[in-house]
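Sequence lines set the chain letters: A, B, ... in the order given, protein chains first and strands last, and positions in each chain run from 1.
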Amino acid sequence: MSRQFLFDGQPVPFEDGQTILQAAHAAGHYIPHLCWHPDFPPHGSCKLCIVKVGGRHVSSCALPAKEGMEVESNTPEINGERRALLQMLFVEGNHFCPSCEKSGNCQLQALAYDLEMLTPRFNHFFPDRPVDASHRDMLLDFNRCIFCELCVRASRDVDGKNVFALTGRGIHKHLAVNAESGRLADTDFAADDLAANICPVGVILHKRVGFAVTIGKRKYDAKPIHTVALEEGE
Amino acid sequence: MSFELETAQNRDTLRRVAIDPVSRVEGHGKVTLLLDEHDEVREARLHIVEFRGFEVFIQGRPYWEVPVMVQRLCGICPVSHHLAAAKALDVAVGATPVTASAEKMRRLMHYGQMLQSHALHFFHLSSPDLLFGFDSEVARRNIVGVAAAHPEVARQGVLLRKYGQEVIRATAGKKVHGTSAVPGGMNRHLADADHELLSRDINQIVDWSRAAVELVKRLHRADPALYDVFGSFESAMMSLVRADGAMDLYDGDLRFRDADGKVLIDHLCDQDYASVICEEVKSWSYMKFPFMRARGPEQGWYKVGPLARVQNCDFIPTPFAEAERREFIDHGRGRPVHATLAYHWARMIEMLHAAEVIRELLDDPDLRSGELLTTGTRRREGVGIIEAPRGTLIHHYRIGEDDLVTMCNLIVSTTHNNQAMNTAVREVAKRYLSGRRLTEGLLNHIEVAVRAFDPCLSCATHALGQMPLVVELSTADGQCVDRVVRESTHCG
Amino acid sequence: MDNAARDARRPKLRVATTSLAGCFGCHMSLLDIDERLFDLVELVDFDRSPLTDIKHCGPCDIGLIEGGVCNAENVHVLREFRRNCKILVAVGACSVNGGLPAQRNHLDVGACLQQVYQYREGVAGAQIPSDPELPLLLDKVRPIHEVVRVDYFVPGCPPSGDALWKFLTDLISGRTPRLSHPMLHYD
Amino acid sequence: MGRLDASQLAAQACTRNGGDATRLLQVLIDVQEKAGWLSAELISAVAAELGVPRVRVEGVAGFYSFLYTEPVGNYRVLFSDNITDRMLGAPELMDALCGKLWVERGKLSEDGLVSVDTTSCTGMCDQGPALLVNGRPLTRVDHRRVNQIAELIRRKEPLYAWPSELFRVDDNIRRRDALLGPDQRPGEALRAALTRGREDWLAQMRLSNLRGRGGAGFTTAVKWQACRDAAGADKVVVCNADEGEPGTFKDRVLLSSFADQVFEGMTLAAWAVGAQRGFLYLRGEYRYLLDHLQHVLARRRSAGLLGNAILGETGFDFDIDIHLGAGAYVCGEETALLESLEGKRGTPRIRPPFPVTHGYLGRPTVVNNVETLAKTTLIALHGGEAFAATGTAQSTGTKLLSISGDCAYPGIYEYPFGVSIEHVLEDCGASDVQAVQVGGASGMTLASYEFHRRIAFEDVPTAGAFMIFDSSRDMFEVARNFVHFFAHESCGFCTPCRVGTSLLDNYMNKLASGYGAKMDLADIEWINRLLRQSSHCGLGSSAPNAVVDALVKFRPAFERHLRNLDFEPAFDLNAALAGARTAAGRDDPGAFLDREQETTR
C-alpha cells in the first residue's frame, strides 16, 4: 500500500523521493510555481510554491513528502502570501504586459491571474535594464527577468554551453551572458538551445516572431494556469 | 489672419480666461483667452498640455512590438496607430504589398474603427449641441438628454458604435488594443462565427448610417446661416487619395489642395512625407504645428480629417456614399466647403462609406482563408500613413541592424489640425465672445468649434456629453475676480 | 428595470471619472457596456465625468481614475478626486502600474524633451515648450497608488466592458468586487 | 592593462592556487590584489586559465562587495557603517574626508586616486569609528585622523609607509572566564582527546552539551556524530570565521590571540568525525589576520599538530587551509559559506540535505563557529561534565560577548551563560540605557523592562553582539541601519528577501525623510511577516527582527516620523518636477508642487 499525506485535507499518495509538489501534481492538485520545472532539480528561489506543514512555511518543490504530513496550500493565508510574492516580482522589474509579446503565454502573468492579483501594490523600482538585441535570432529583454535561472540551468546542464549566469547581488542581481563583450551575439547561443525556449516570462525571445499568436489562441487565454499546468505536466 | 490672435501685445495688462481642461487625449488641452479692458479678445490659444514621450521610449524597443505599443497613444482610435505602425514596418520587412488576406483583414478592422469612432463622435458627443442648440439647457445637453428626446437616434448611435467595436474585436482580437496586425501581415483570419454575426447585422448598419447622413443634412438645411458660417476659415487640406483619385482611408498617396481647391501636391508617396511636411514648436503647447515646408509656417498649414478627405478625393468608391459626396460638393457651389460644422456632415458620409466597405468586404472569401504573412528585403526605414478617423496619421521608424527601433517620429491626426483648431477658436472668440460678458453658453461655442474637429481630445472627455468647464476671470496680476463653473447635469 | 420602483427610492450613488496620463481606452471600454449604459444611469448619478460639465468633483461615492500620474496637473486632479471620493478606483494598467507611458521612466525627462522638441529632424523653432500654462512633467510616470491612497484596482489595458460592468455592479450593490479568469487580464 | 598582462597575472594567480577551479574566489582575490580591480580581460583570462565558463567567473566577481568589476582608486576608503560606528560619528567623519579629498561619496575621484564609501560592519565596534583602507582596518577615526589620512592620500604615501599606530587593533578583553582565562599550551587539548580515544572524546562532547556559538545553538556533538556516521570518506571540517553579524567582534579577538585554540578545536573536530581536510573561512574584513594565522598553522605543522599522523597517531591526517571571503555577510550562513568555499556565489543551498551529509563538494562536512571550536578544547582538557557545570542546563559553558555602543568599557566579556542583561550593563559601565541589541542586526532588541532577562539559548540567544543604546538614541535610526544592512547584504536568491529587504529599506528611508504615514507602518509589518515566513534562509527570515522589535517596543520612535495618519506619496512630488523645471527653465508658481496640498481628509 502506498504511503500518503494530507494535502488541504485530501489524501495524496507519494513515492520515495517525491517532493510535496511532485506528489500533489501527480494527484491533480496544482501548486503555484515559477522556478520549478519538471525536468530540473528544485531551485527554490521564487517561493511561490510555499506551503504550510506543521505550522511552518516550506518550499513544496524541494521538501520530500513524508507519511502523514498535513500540508496546507490553497488557503487564503498562503495564497495571500503568494500574491504578495508576485507583487514583489512585478514591482522589481518592468512588467508592461500590454505591449509584451509574451502576454497570454507568460507564467508570471498567468499565475497572477490565478491568484487574482489586481495590483502590484508596492512601490515600483522602475530599474533601468537595457535589452540585448545583438544576437541574430534571439532577443534578451532583461526588464522581465524573475531570476528563476531556468535558462542558466538549461544551458549548463542540457545544452552544455553555459551561456547564462547570474551576477550582482541582492536587488542588483542580474542575468549575464558568457562573453567578455557582455553581448549575446558573442556567445555560442543558438535558437534551438533548450535555454532559448524555456523562459517562463518574456526575457529570452525569438526575434521577429512577436505577436504571432492571436488573442484567444494563446496558452492561458482559454484555461487558467492551474488547469494548463496539470494537463501538460508542467 | 490666423495668427492674428495668437500672441497679444502687452500680455501683462490683459485679463486671463481659461477653459481648462478642454479635453484630454494625446494630451490634456485647455484654451486660454486674454481680454482687454473692453472685453475684446486679444489672444486665444488652444494649449496641448500633456507629453507622454512615446516617440522617445519606442526607440530601443524591438520593431515587432511597436504596432502593439503605439495603440496606447489613443484608446479611441487605437486601430489607426496599430495599422499605421504595421504599415511602416511592412516596408521595413519588405512586405510590400502584404497578402490579399492580410490587407483585407486590416481594411475590415480599419473601416470598423471608422464606423465606431464616427458614430461615437457624432451621437455621443456632438449631437446634443446640434439637436438642442449651443446654449440650450445644460442639463439636457448630453446623450442621456438625446435618449429622452430622440430615443431612436440615441439607440442607433450606441448600436452603430457597438457594431464597429465588434468588427474590431473580430479582426484585432479585442475591442480596444488588439494585437493582430504584425509587421508583414496579420495573425488571424475572420472566424466563421464572427463572419456570421457581422453579416447578419450589416444591412441594418448601412441603413442606420444613411439615416445619420440624412439627420446631419436636415440640421444644415434648418439653419444654414449658422452651419455655413460658424468658425469658418479658409485653409489648405491634406489627405491620402488612392492612385485613381478615389477616397481610400487605409492606403494611398498624399494630396494637398489649397484653400481654393486647387491641387498643390499630388501623388506624394507616403515614404516621402518628410520632404513636404515639417513641424514647428511653440513655447505654449506640447503639440507641434505641422506645415508644408515650401509654403512656410504662416501659409503652409492645412486641415485634415473628414472635411478635407471628402473634398480632396475625386470620388468615393461606394455608391451611397458617393451620392452623398456629390450632394456635399454641390453645397459649396464650386468652392470648397470650409465651414467648421461641415465636418459633421462629411464625417457621416464617411461613416456610411465605412459601412458600405464593410458590407463588401464581408463577402470576400479572402478574409477567412489565404496566406496572412509575407516578407521580402529588409529595409532600415519605413513610413506608414493611414487616414485615421480624425485625419492623416503618420508613423515613421528607422530600425537598426539589431532589429531595435532607432528613430520614431509620429505626426498624429490631431497634430495636423493644431493650427486649424487654434484658428477656429480664434474665429469663434472674435465673432461670438469679443466685447460681450462671458456666459457658459458663449464659452460652449468655443468647445463646439474644437469638437467639430473631433480632436482625440474631445471624443475622449466628452464621451457622453459636455466637457467639464470652468472659467476664471483674473486681473492682470493673476487675481481671480470671477469664476464660472458649469452647473452639474445629473443624469437619469 | 424590474425593480425600478424600489431602486428609485434608494438614493443613487454618485460616481466621478477622469483620465490622467491615459489614452481614454478605459473610458472607451466603459462605453463598451453598450446598451447597459442606459441601465447604469438608472443606478448612479455622474459627478465630474464625461457625462457632466462639472469641473471640480464634489463629494462622491465612487471615483474612477484612468491613467497614471505623469505631470503636475495629474497630481492636482488626483488629489481632488481623493479628497472627494469615498472610494477611489484605479482603472486600467496606467493607473494601476503606470502602464506604457512608464516605459519612459528609465530616461532622463529633460533629455526626452530635448529629443522631441529640439533635436528632431524636420522641426522648426526648436525649443522646449516652457509656457506657464503647461504643466511640468514628473521625472517618472507613477501609478496612482504611489500618490494617493487607492481602494480598488481594476487592471487591464483596458479592462473589458464586461469586467467594468461586473466591477461596478458589484460595487454598487455592496459586494466586494471580484474579477477572475477570464475577466482578469493585464493586456 | 593589456590582454597579455592580464593573462600573465591570471596564470600566476591560478598557479598559486593549484589551477583549482574550486579556488576561484581565492584566485580572484589574488588577482585583484595585484591588478587593483577585475577588468573584463582579467575575468576572461582567469576563466580561460581555470577552464571554467567566463560567465561563471563574472557571476562570482559580481557577488562579493570587495571584488571590483569597475576601476577603483589607488586608495579605497570604506567607512564601517554599523550603527555603533555611526553613533561614534562615522557619517560626519566620512563627509569630512570626502570634502578634504574633493570626492563624492561612492564615486571615484577624477584623478583616479581615491574613492570613499561605506561598508558593512568591520567588526571594530569597540574601537570605532573604523574604516578599511585598501582592506586594512583603521580604528578610532576622529577628525585628527581624517586630516592625517587625507594628507597621506594626497601625498600618495604607500600604505606600508602609513604610521602603524593608525592600524592598531586592540583586543579589549574586559572579562575573562574559562576560555580567555588560563593559558593553554598548543597540542595539550588534542593530546588529551587522543588519549581518551575517539569514542570517549565524542562521549565527552555529548556530555558537555556544547551548543553552537554562531547563534543557532545546534548541539555540536549531534552535528559531529551525524557527520561521522555519514557515508563517504573525505570528510571536512570548516571553521566559520565569517564574523559578519553587525556588532560582533569576538571571533576577531579569538583569531588574533587564541588562534591555537581555534585550530586545535578544528583538529579535535577532525579527530571526532574522521576528517582529513579543514578550512578556515576568514571574512575579507579580517584579511589583515591572514599572515598571523598562516604563521600559527605553520608552527602547528612543524609541531606535529597538523599534517600526517598528528601527534604520532597513525591515520590521523588533517590539515587546514585558509579561504578568504570578500565582503558578503550571507556567507556566514553555513551552506552559503560552503558554496563560497567551492569558489561560487555565496547563495544558500536548499536543505535538506544538510552539510553533515552533503557539504563541501558533496562530502560530509562539519561547519562550526570559531568560538564553538575554541570551546571544544576546554571539553577535551577538562571533560564534558566539567564544561556542563557552568552556564544553565540548556546553555552550558560560557559565552563571549562583544560589547559596544553607549558604555564606558566596550570590548570582549566572557560570562557563563545565564548572566542577566542588567548585570552585563553594570559591568561595562552603561547607564541611562534605553535598549540593548543582543545578537546583532538579526538578533533581539531589548527594552529596559527586559533587562532582567538572561543570555541563554532558552531566553536571549546570541551570537555574541551586545550593542547598547542610551536614551539619547533614536531607535528608529537603529532599526533603519539594520534594515539597510540587510538590503545591502541580501544575496538576492529568493524573491521575498531580494525584493522585501529593499522595499523595507525604501519604506524606512521614506519615514526618515519625514514623509511617513500610518499606511507605511502597515506595509512594513506585512513585508516583515512575508520575509519571516517565506525566506530561503536565515538572513531573510531574521532581517525584519530589529524592525519588528522596534515597532513593538519603540513605536513612538516610528510615529515621530509620520506626517500623516493615512497616506503619504511614495516619493517627493516636488523633487520629481526638478528635471523638467530645469529643462524648461521655469520658476513660476505652477512649476512647483506643494506638499501640503497632498494631505487628504
Side-chain angles (χ1 to χ4, degrees), chain A residues 76 79 83 86-87 89-131 141-144 201-202 211 213-216 218-228, chain C residues 22-23 25-26 29 65 68-70 88-109 111 138-147 149-160 163 166-167 170 176-187:
Chain A
N79 283 336
R83 200 178 303 122
L86 287 172
Q87 289 167 324
L89 288 171
F90 270 88
V91 298
E92 173 192 30
N94 296 310
H95 297 277
F96 297 110
C97 296
S99 64
C100 177
E101 63 188 88
K102 197 69 181 249
S103 250
N105 300 307
C106 169
Q107 286 185 28
L108 177 70
Q109 185 191 62
L111 209 49
Y113 294 165
D114 222 22
L115 289 164
E116 296 183 26
M117 186 191 103
L118 300 175
T119 164
R121 183 181 199 280
F122 301 115
N123 299 327
H124 289 67
F125 289 82
F126 292 125
D128 182 11
R129 297 186 186 164
V131 302
D141 189 337
F142 300 109
N143 288 295
R144 304 152 180 170
V201 292
F211 296 82
V213 181
T214 199
I215 293 171
R218 302 172 305 182
K219 190 166 179 179
Y220 302 112
D221 279 341
K223 293 175 190 168
I225 190 169
H226 66 260
T227 309
V228 176
Chain C
C23 71
C26 296
S29 248
I65 308 278
V69 184
C70 91
L88 197 67
V89 187
V91 179
C94 296
S95 65
V96 170
N97 69 6
L100 252 68
Q103 289 206 23
R104 79 157 159 88
N105 284 0
H106 66 280
L107 302 165
D108 177 76
V109 68
L138 298 170
D139 59 349
K140 287 181 167 53
V141 179
R142 305 280 185 159
I144 67 168
H145 77 263
E146 296 190 10
V147 178
R149 183 173 53 76
V150 175
D151 302 298
Y152 294 95
F153 298 83
V154 187
C157 188
S160 67
K166 167 80 164 60
F167 176 85
D170 274 355
T176 300
R178 187 155 174 229
L179 297 177
S180 51
H181 206 275
M183 277 193 201
L184 179 57
H185 62 86
Y186 303 155
D187 58 350

Colleague: What part of C:Ala102 gets within 4.5 angstrom of chain A, counting heavy atoms only: side chain, backbone, both, or neither?
Modeller: both

Colleague: Answer with side chain, backbone, both or neither: which region of A:Ala112 has an atom nearer than 4.5 Å to a non-hydrogen atom of chain C?
Modeller: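 A:Ala112 touches chain C through backbone and side-chain heavy atoms alike.
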
Colleague: Fit a plane to each ring of A:Tyr113 and C:Tyr186, take the angle between them on a 0 to 90° scale, and name the class: parallel (under 30°), tilted (30 to 60°) or perpendicular (over 60°).
Modeller: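 The arrangement is perpendicular - the two ring planes meet at more than 60°.
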
Colleague: If you count heavy-atom pairs within less than 4.5 Å of chain A, which of C:Ala93, C:Gly99, C:Gly98, C:Pro182 leads?
Modeller: C:Gly99

Colleague: Please flag which part of A:Asn123 lies under 4.5 Å from any non-hydrogen atom of chain C: side chain, backbone, both or neither.
Modeller: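 For A:Asn123, the contact with chain C is made by backbone and side chain together.
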
Colleague: Around atom NZ of A:Lys219, are there more than 12 heavy atoms of other residues, nucleotides or ligands at under 6.0 Å?
Modeller: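 It does: A:Lys219 NZ has more than 12 such atoms within range.
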
Colleague: Go through the atoms of A:Asp114 and report whether side chain, backbone, both or neither lie under 4.5 Å from a heavy atom of chain C.
Modeller: neither

Colleague: Under the side-chain contact (heavy atoms from CB on, under 4.5 Å) criterion, do A:Arg218 and C:Asp187 qualify, and how do the steps go?
Modeller: CA-CA 12 Å; A:Arg218 302 172 305 182; C:Asp187 58 350; 2.8 Å; yes

Colleague: Rounded to the nearest 0.5 Å, what separates atom OG in A:Ser103 from atom NE2 in C:His185?
Modeller: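 Separation between the atoms: 10.0 Å.
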
Colleague: Within this structure, what is the CD-CZ distance for the pair C:Gln103 and A:Phe126, rounded to the nearest 0.5 Å?
Modeller: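 If I round to the nearest 0.5 Å, the distance is 10.5 Å.
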
Colleague: Let me confirm one number: the NE2-CG distance from C:His106 to A:Asn94, rounded to the nearest 0.5 Å.
Modeller: 8.5 Å

Colleague: Evaluate the side-chain proximity of A:Thr119 to C:Pro155: yes if any heavy-atom separation is below 4.5 Å, no if none is.
Modeller: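 No - every pair of side-chain heavy atoms lies 4.5 Å or more apart.
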
Colleague: Donor-acceptor pair, C:His181 side chain versus A:Glu116 backbone, under 3.5 Å?
Modeller: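 No; judged by distance alone, with no hydrogens or angles, the pair does not exist.
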
Colleague: Out of A:Pro224, A:Cys100, A:Gly104, A:Pro120, return the one with the most heavy atom pairs under 4.5 angstrom to chain C.
Modeller: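 Heavy-atom pair counts peak at A:Pro224.
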
Colleague: Are the side chains of A:Leu118 and C:Leu184 in touch, meaning some heavy atoms are under 4.5 Å apart?
Modeller: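 Yes, their side chains come closer than 4.5 Å.
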
Colleague: Tell me, for A:Phe90 versus chain C, whether the close heavy atoms (under 4.5 Å) come from the side chain, the backbone, both or neither.
Modeller: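 Only the side chain of A:Phe90 comes within 4.5 Å of chain C.
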
Colleague: Can you tell me how far apart CG (C:Asn105) and CG (A:Asp128) are? Round to the nearest 0.5 Å.
Modeller: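 Output value for this atom pair is 10.5 Å.
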
Colleague: Please check this pair: side chain of C:His145 against backbone of A:Arg121, looking for a donor-acceptor N/O pair closer than 3.5 Å.
Modeller: yes

